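Here the structure comes first, spelled out in structure tokens, and everything after it is commentary.
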Number of protein chains: 2
Amino acid sequence: MLTQVPIRSLAAIQSRKPTSDRAAPVRDPLEVFDLMGSPMTYGANEEIYGEDEPAEFVYKVVSGAVRTYKTLTDGRRQIGAFYLPGDIFGLDVGKQHRFCAEAIGKAVVRIVRRSAVVSLAERDCEAARELWTFTARELYRVQEHMLLLVKSAQQRVACFLLEMSERLADANTVELPMSRQDIADYLGLTIETVSRTMSQLVSESAIDLPSSRHIVLRNRGALRHLNA
Amino acid sequence: MLTQVPIRSLAAIQSRKPTSDRAAPVRDPLEVFDLMGSPMTYGANEEIYGEDEPAEFVYKVVSGAVRTYKTLTDGRRQIGAFYLPGDIFGLDVGKQHRFCAEAIGKAVVRIVRRSAVVSLAERDCEAARELWTFTARELYRVQEHMLLLVKSAQQRVACFLLEMSERLADANTVELPMSRQDIADYLGLTIETVSRTMSQLVSESAIDLPSSRHIVLRNRGALRHLNA
DNA sequence: CGGCGGCTTGATCGGTCTCAAGTACGGTGG
DNA sequence: CCACCGTACTTGAGACCGATCAAGCCGCCG
């Protein structure tokens with residue numbers, strides 16, 4: 001559930017919206033985040049929106065990281081995605097969010113009204129195309145995630161590390177923002193299996209593990225080769 | 001790879017396109033299938049398009065059923081979706097198809113040029129929104145599929161049967177168009193596990209199995225309850 | 001220094017896969 | 001019409017991978 005805190009800043013967004021709309025029409029619907037949208041700060045594990053909540057806002061990560069997840073009927077948690085700085089999330093097409101969103105650590109996000117984005121697309125075909133492309137990228141991402149879930153534990157962990165290293169783009173060292181439990185719930189494994197598999201990758205000299213959240217990719221080829 | 005056969009009918013589509021565009025502008029980009037698009041027939045297991053092939057056409061199932069799949073690096077096959085009469089497939093946003101498509105049995109599909117659909121969206125915001133909504137539904141479907149793959153074998157099979165019964169909408173009896181192998185590759189299980197699980201559902205009186213492709217849902221509640 | 005949460009490691013259990021027969025069904029040819 | 005065959009499906013026995021249960025370890029912060 002949303003705390004009281006965001007309300008003030010959202011009012012600010014709304015008051016600024018008409019101004020920027022009239023002044024210089026926004027063609028790229030996702031560009032609005034840079035023009036409008038006040039930064040909002042969330043604490044660790046704070047909920048940004050809940051499952052089945054009305055999808056009133058769209059979000060862009062400024063700093064920190066966000067996870068979206070669903071709680072399964074048996075109590076497990078399936079993480080749908082991790083969103084890192086620059087990523088946009090919460091843009092469900094239906095009236096309600098299909099997943100819940102939480103800040104992983106302390107996180108700053110920009111917020112805009114969904115209706116502002118959608119109504120823009122009704123007037124501007126280019127903007128509508130942009131929204132389509134965005135959703136298509138999400139579709140691509142979920143397809144990859146689906147394909148991940150039928151692989152072996154080693155393959156899943158290797159894929160995850162490669163994905164993170166590409167998205168965080170810190171050469172060969174990755175500073176993971178999320179816990180082992182988060183990784184496990186993303187990969188559809190248990191925390192023990194994730195931990196064991198990482199240890200195994202260390203013993204195979206594929207990675208180094210100076211600390212649990214700090215990973216050095218020692219042999220990308222070997223990681224990629226696991227998907228043989 | 002496409003056979004030579006479709007080329008003739010596609011020429012017919014193209015020649016008819018400008019006419020129908022001028023006469024009565026098509027607002028719904030997916031409606032074009034009913035106005036244009038010649039029926040094409042494929043034999044059992046015939047490829048409709050290949051993985052990584054240029055996405056030149058969009059398809060709508062008239063009769064029969066279609067599967068899309070990817071061959072994994074270890075040789076297994078992961079089915080991404082089953083498309084039944086009325087369903088549209090092949091509308092990838094990128095330049096290439098991400099999955100391969102095959103007719104399951106004998107199947108009839110209508111074909112239109114992707115460029116016709118896309119260019120329509122560039123002129124008509126309503127059409128662009130329609131495309132967005134279509135991709136969003138695909139996204140929803142893949143998310144559900146992803147969630148399916150982290151469940152137990154029983155849950156996966158039960159979900160599959162419920163999904164098929166809703167889509168085929170034949171009250172409580174389902175005539176499956178696909179083989180056990182197809183089901184297994186869709187659910188991320190082996191053919192033996194699918195078979196065993198169905199036998200188990202029979203012994204629990206959740207379903208009847210007059211023949212291997214003919215399924216009677218005897219106790220929907222029990223099937224749903226498996227996702228407890 | 002003590003305690004707590006996050007992580008790792010070990011031992012055992014269980015569900016699904018693998019390998020291997022056996023069975024039912026549909027089509028084909030005599 | 002029946003005998004035969006091939007394919008699809010079912011069933012069984014054992015192996016294996018990841019889950020579960022249970023300690024221990026490490027780093028952090030009071």
Side-chain angles (χ1 to χ4, degrees), chain A residues 43-45 65 67 72 74-79 104-106 148-161 174-204 207-215 226, chain B residues 43-45 65 67 72 74-78 104-106 148-161 174-204 207-215 226-227:
Chain A
N45 301 313
R67 60 177 171 249
L72 306 182
D74 59 8
R76 282 180 308 159
R77 184 183 68 158
Q78 179 61 43
I79 290 185
I104 293 179
K106 185 183 168 189
L148 186 71
L149 294 179
V150 298
K151 298 183 178 179
S152 72
Q154 269 217 349
Q155 290 176 322
R156 292 187 216 190
V157 171
C159 277
F160 172 75
L161 294 176
V174 180
E175 200 68 41
L176 294 177
M178 72 288 286
S179 69
R180 290 286 186 273
Q181 188 63 62
D182 287 332
I183 298 172
D185 290 348
Y186 178 73
L187 298 179
L189 298 170
T190 58
I191 186 177
E192 294 96 330
T193 298
V194 171
S195 190
R196 261 187 265 274
T197 305
M198 288 207 179
S199 300
Q200 195 180 343
L201 291 174
V202 169
S203 73
E204 291 167 0
I207 63 174
D208 271 356
L209 211 53
S211 80
S212 69
R213 305 266 184 126
H214 186 188
I215 290 169
L226 284 177
Chain B
N45 301 314
R67 61 177 169 249
L72 306 182
D74 60 8
R76 281 178 308 158
R77 183 184 68 156
Q78 178 61 44
I104 292 179
K106 185 182 169 191
L148 187 71
L149 294 178
V150 298
K151 297 183 179 180
S152 72
Q154 268 218 352
Q155 291 176 321
R156 292 187 217 190
V157 171
C159 277
F160 172 76
L161 294 177
V174 180
E175 201 67 42
L176 294 177
M178 72 288 286
S179 69
R180 291 286 186 272
Q181 188 64 63
D182 287 332
I183 298 172
D185 291 348
Y186 178 74
L187 299 179
L189 298 170
T190 59
I191 185 177
E192 293 96 331
T193 298
V194 171
S195 190
R196 260 186 267 273
T197 304
M198 287 205 179
S199 300
Q200 196 180 343
L201 290 175
V202 170
S203 72
E204 291 167 1
I207 62 174
D208 271 356
L209 211 53
S211 80
S212 68
R213 305 264 184 130
H214 187 186
I215 291 168
L226 283 177
N227 297 357

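Keep in mind that this is a model prediction, so the values were computed, not measured. Hydrogens, waters and symmetry mates play no part in the numbers below; they use all other heavy atoms, side chains included.
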Problem set entry | Annotated protein contacts, base or backbone, on nucleotides 13-21 of chain C with a non-hydrogen cut-off under 4.0 Å, one of B, S, - each | ---SSBB--
Exercise. By salt bridge (charged side-chain N to carboxylate O under 4.0 Å, His left out), which residues pair with A:R76, not counting sequence neighbours?
Worked result: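 Expected list: A:D74.
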Exercise. Does B:R156 have any salt bridge (charged side-chain N to carboxylate O under 4.0 Å, His left out) partners at least two apart in sequence or in another chain, and if so, which?
Worked result: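 Expected list: none.
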Could you state the [atom1]-[atom2] distance from [X] to [N], rounded to the nearest angstrom?
| X | N | atom1 | atom2 | answer |
| --- | --- | --- | --- | --- |
| B:L209 | D:dA8 | CG | P | 17 Å |
| A:M178 | C:dG6 | CE | P | 15 Å |
| B:R180 | D:dT10 | CZ | C1' | 9 Å |
| A:N45 | C:dG6 | CG | C1' | 13 Å |
| B:M198 | D:dC9 | CE | C1' | 11 Å |
| B:H214 | D:dC9 | NE2 | P | 15 Å |
| A:I191 | C:dT8 | CD1 | P | 8 Å |
| B:L176 | D:dA8 | CG | C1' | 14 Å |

Are [X] and [Y] close enough that some pair of their side-chain heavy atoms sits under 4.5 Å apart?
| X | Y | answer |
| --- | --- | --- |
| A:I215 | A:D208 | no |
| A:L148 | A:Q155 | no |
| B:R213 | B:S179 | yes |
| A:I183 | A:L176 | yes |

Exercise. How large an angle, rounded to 10°, do the end axes of the helix from C:dC1-D:dG30 to C:dG30-D:dC1 enclose when each is built from five base pairs?
Worked result: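 The helix from C:dC1-D:dG30 to C:dG30-D:dC1 shows an end-to-end axis angle of 30°.
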Exercise. Looking only at side-chain N and O atoms, does B:S199 come under 4.0 Å of OP1 or OP2 in D:dT11?
Worked result: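 Yes.
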Exercise. Is the distance from OP1 or OP2 of C:dC25 to the nearest side-chain N or O of B:R213 less than 4.0 Å?
Worked result: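 Result: no.
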Exercise. Can A:L226 and A:L201 be said to form a side-chain contact (heavy atoms from CB on, under 4.5 Å), step by step?
Worked result: CA-CA 11 Å; A:L226 284 177; A:L201 291 174; 3.9 Å; yes
Would you classify [X] as touching base, sugar-phosphate or nothing, given that sugar-phosphate means primed atoms plus P, OP1 and OP2, and contacts are heavy atoms under 4.0 Å?
| X | answer |
| --- | --- |
| B:I183 | nothing |
| A:L187 | nothing |
| B:S195 | base |

Provide a list of protein-nucleic acid N or O atom pairs under 3.5 angstrom, restricted to nucleotides 26-30 of chain D.
none

Exercise. Within the distance-only criterion (no hydrogens, no angle test), does the side chain of B:T193 pair as donor or acceptor with the backbone N or O of B:L189 below 3.5 angstrom?
Worked result: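 No; judged by distance alone, with no hydrogens or angles, the pair does not exist.
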Exercise. Is B:Q78 reaching over with its side chain to a backbone N or O of B:Y186, donor-acceptor style, under 3.5 angstrom?
Worked result: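 Answer holds: yes.
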For this session: Kindly state each residue pair satisfying salt bridge (Lys or Arg N to Asp or Glu O under 4.0 Å) with at least one member in residues 183-201 of chain B, sequence neighbours excluded.
Result: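 Output for this query lists B:R77-B:D185.
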Problem set entry | Heavy-atom pair of closest approach, residues A:T190 and A:A184 |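 Residues A:T190 and A:A184, closest heavy atoms: C-CB, 3.6 Å.
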Exercise. Passes side-chain contact (heavy atoms from CB on, under 4.5 Å), A:L161 versus A:V174? Steps please.
Worked result: CA-CA 8 Å; A:L161 294 176; A:V174 180; over 6 Å; no
